[in-house]
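Encoded as structure tokens, the structure appears first; notes follow it.
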2 protein chains.
Amino acid sequence: MTQAIPLPRTRELIRELVRAYQAFEQLSNNRIRQHGLTHAQFDVIATLGNTAGMSCKTLSEKTLITKGTLTGVLDRLLEKQLITRTVDANDRRSLFVVLTEQGDALFRQAFPDVAGHISRAFDHMSDSELATASALLHQLRQAMEHSQEP
Amino acid sequence: MTQAIPLPRTRELIRELVRAYQAFEQLSNNRIRQHGLTHAQFDVIATLGNTAGMSCKTLSEKTLITKGTLTGVLDRLLEKQLITRTVDANDRRSLFVVLTEQGDALFRQAFPDVAGHISRAFDHMSDSELATASALLHQLRQAMEHSQEP
DNA sequence: TATTGTTATACTCTATAACTATA
DNA sequence: TATAGTTATAGAGTATAACAATA
């Protein structure tokens with residue numbers, strides 16, 4: 001309950017992280033919608049892409065979409081015939097989700113397009129600058145993931 | 001329409017940015033909800049905090065919430081008596097939004113609490129590390145903001 | 001008993017377009 | 001005509017809790 005007052009440097013970092021992501025969202029959301037997908041749907045497609053499929057549970061963990069919500073998102077992808085959702089023979093409580101051929105085609109089209117659109121923003125950065133930035137974001141993520149609830 | 005294939009380094013950067021923000025959201029969302037606010041409502045309160053107020057238009061630009069959506073968000077904050085929304089005497093098309101005393105109290109309580117909760121993740125980082133990280137995120141944001149639609 | 005996923009509920013955000021009123 | 005904001009519409013995501021089926 002008693003929170004230490006965050007240091008100015010940390011506040012600044014949080015503000016910049018939020019702003020950077022806002023800018024990212026603006027770039028990506030338009031592009032994602034041009035492929036007829038919502039952000040959540042794109043996340044699911046991108047997560048399933050280049051895999052042999054996975055359970056709802058795994059998908060939920062990777063996308064951070066809670067199970068109740070995921071059911072609805074998958075329902076809509078099913079309607080669009082982008083995925084299949086079949087009972088796992090080994091554990092019949094579990095459902096196995098896989099991209100359809102159509103879903104895979106969309107993945108192979110949409111993912112590079114969205115990524116490519118964003119990547120143009122970083123055209124002026126060198127390989128080593130990009131690598132440094134990635135490493136730093138990785139470090140920030142690790143720090144946040146390992147900071148558990150009190 | 002023809003997109004350059006994004007370089008691996010850029011893809012990696014995008015992936016890390018998304019993941020870092022996911023981790024951030026997980027940390028912040030729980031905390032925000034403990035103050036009885038949604039993410040959008042918190043954004044508005046945080047934007048209005050430490051200001052003399054601003055028009056809906058400005059608020060919309062700062063929070064990236066579109067005007068139609070903003071009306072609903074402000075309606076709910078109004079219900080909770082956290083803001084006032086009054087006609088601007090100078091331009092009577094415009095509405096001026098200000099935190100109430102109650103809204104300001106919540107801002108002064110919730111903002112440091114949320115920021116403090118997150119900042120603990122970065123406790124182990126030095127001032128100069130934090131500054132470097134902020135500068136880098138700032139650079140990434142600038143790059144994305146200046147990358148306009150083709 | 002615990003786990004996987006669905007269903008039900010209720011709310012919030014979202015984009016969009018038509019609209020009102022002011023300028 | 002243009003701008004600021006509301007309203008209407010229709011969807012989509014969200015958390016939560018109760019539930020069914022399976023382990």
Side-chain angles (χ1 to χ4, degrees), chain A residues 22 25-26 28-47 53-80 82-98 149, chain B residues 21-22 25-47 53-80 82-98 149:
Chain A
Q22 279 184 336
E25 268 197 325
Q26 285 237 304
S28 67
N29 275 355
N30 292 336
R31 210 70 186 184
I32 286 172
R33 256 182 301 125
Q34 285 176 24
H35 293 278
L37 297 172
T38 65
H39 190 95
Q41 289 166 13
F42 181 78
D43 271 0
V44 169
I45 298 287
T47 304
M54 61 192 72
S55 69
C56 290
K57 179 176 168 54
T58 305
L59 201 47
S60 170
E61 284 164 359
K62 294 214 180 209
T63 58
L64 301 182
I65 298 171
T66 53
K67 61 181 181 178
T69 304
L70 187 59
T71 298
V73 175
L74 294 181
D75 284 347
R76 278 157 228 130
L77 291 175
L78 214 51
E79 254 178 49
K80 295 179 187 171
L82 297 175
I83 61 163
T84 59
R85 185 169 47 178
T86 53
V87 174
D88 185 325
N90 298 330
D91 181 345
R92 297 181 30 170
R93 292 171 305 183
S94 187
L95 292 175
F96 205 71
V97 184
V98 183
E149 304 299 321
Chain B
Y21 192 76
Q22 278 185 336
E25 267 197 325
Q26 284 237 305
L27 272 182
S28 67
N29 275 355
N30 292 336
R31 210 72 186 183
I32 286 172
R33 255 183 302 125
Q34 285 177 22
H35 293 279
L37 297 172
T38 66
H39 191 95
Q41 288 166 13
F42 181 78
D43 271 2
V44 169
I45 297 287
T47 304
M54 61 192 71
S55 69
C56 290
K57 180 176 169 53
T58 305
L59 203 46
S60 170
E61 285 164 359
K62 295 214 179 208
T63 58
L64 302 182
I65 298 171
T66 54
K67 60 181 181 176
T69 304
L70 187 59
T71 299
V73 175
L74 294 180
D75 285 346
R76 277 156 230 131
L77 291 174
L78 214 50
E79 255 176 49
K80 296 181 189 174
L82 297 174
I83 61 163
T84 59
R85 183 170 49 179
T86 52
V87 175
D88 185 324
N90 298 330
D91 182 344
R92 296 182 28 172
R93 292 171 303 183
S94 186
L95 293 174
F96 204 72
V97 184
V98 183
E149 304 300 320

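Below, chains carry the letters A, B, ... as their sequence lines are ordered, and counting in each starts from 1. Values below: all heavy atoms of this structure, side chains included; hydrogens, waters and symmetry mates excluded. Note that this is a predicted model, so its numbers are computed, not measured.
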Checklist line | Nearest-nucleotide comparison on DNA chain C, the residue closer to the 5′ end among A:Leu70 and A:Arg33 | finding: A:Leu70
Can you check whether [X] has a side-chain N or O nearer than 4.0 Å to OP1 or OP2 of [N]?
X: A:Thr71; N: C:dT6; value: yes
X: B:Ser60; N: D:dG5; value: no
X: A:Thr69; N: D:dG13; value: no

Would you classify [X] as touching base, sugar-phosphate or nothing, given that sugar-phosphate means primed atoms plus P, OP1 and OP2, and contacts are heavy atoms under 4.0 Å?
X: B:Asp88; value: nothing
X: B:Lys67; value: base
X: A:Thr38; value: sugar-phosphate

Check: Is B:Ser60 reaching over with its side chain to a backbone N or O of B:Cys56, donor-acceptor style, under 3.5 angstrom?
Finding: no
Rounded to the nearest Å, what distance is computed from the [atom1] atom of residue [X] to the [atom2] atom of nucleotide [N]?
X: A:Phe42; N: D:dG13; atom1: CZ; atom2: C1'; result: 17 Å
X: A:Ile83; N: C:dG5; atom1: CD1; atom2: C1'; result: 13 Å
X: A:Leu95; N: D:dA23; atom1: CG; atom2: C1'; result: 15 Å

Item checked: Most 5' of A:Gln41 and A:Ala89 on DNA chain D, judged by nearest nucleotide -> A:Gln41
Margin query: Of the options C:dG5, C:dC13, C:dT22, whose atoms approach the side-chain atoms of B:Arg93 most closely?
Written below: C:dT22
Notebook entry, point to check: Out of C:dA15, C:dA23, C:dG5, which has the shortest distance to the side chain of A:Lys57?
Noted result: C:dG5
Item checked: Presence of salt bridge, A:Asp75 and A:Arg85, under 4.0 angstrom -> yes
Checklist line | Check: B:Arg92 side chain, C:dT22 base, donor-acceptor under 3.5 Å | finding: no
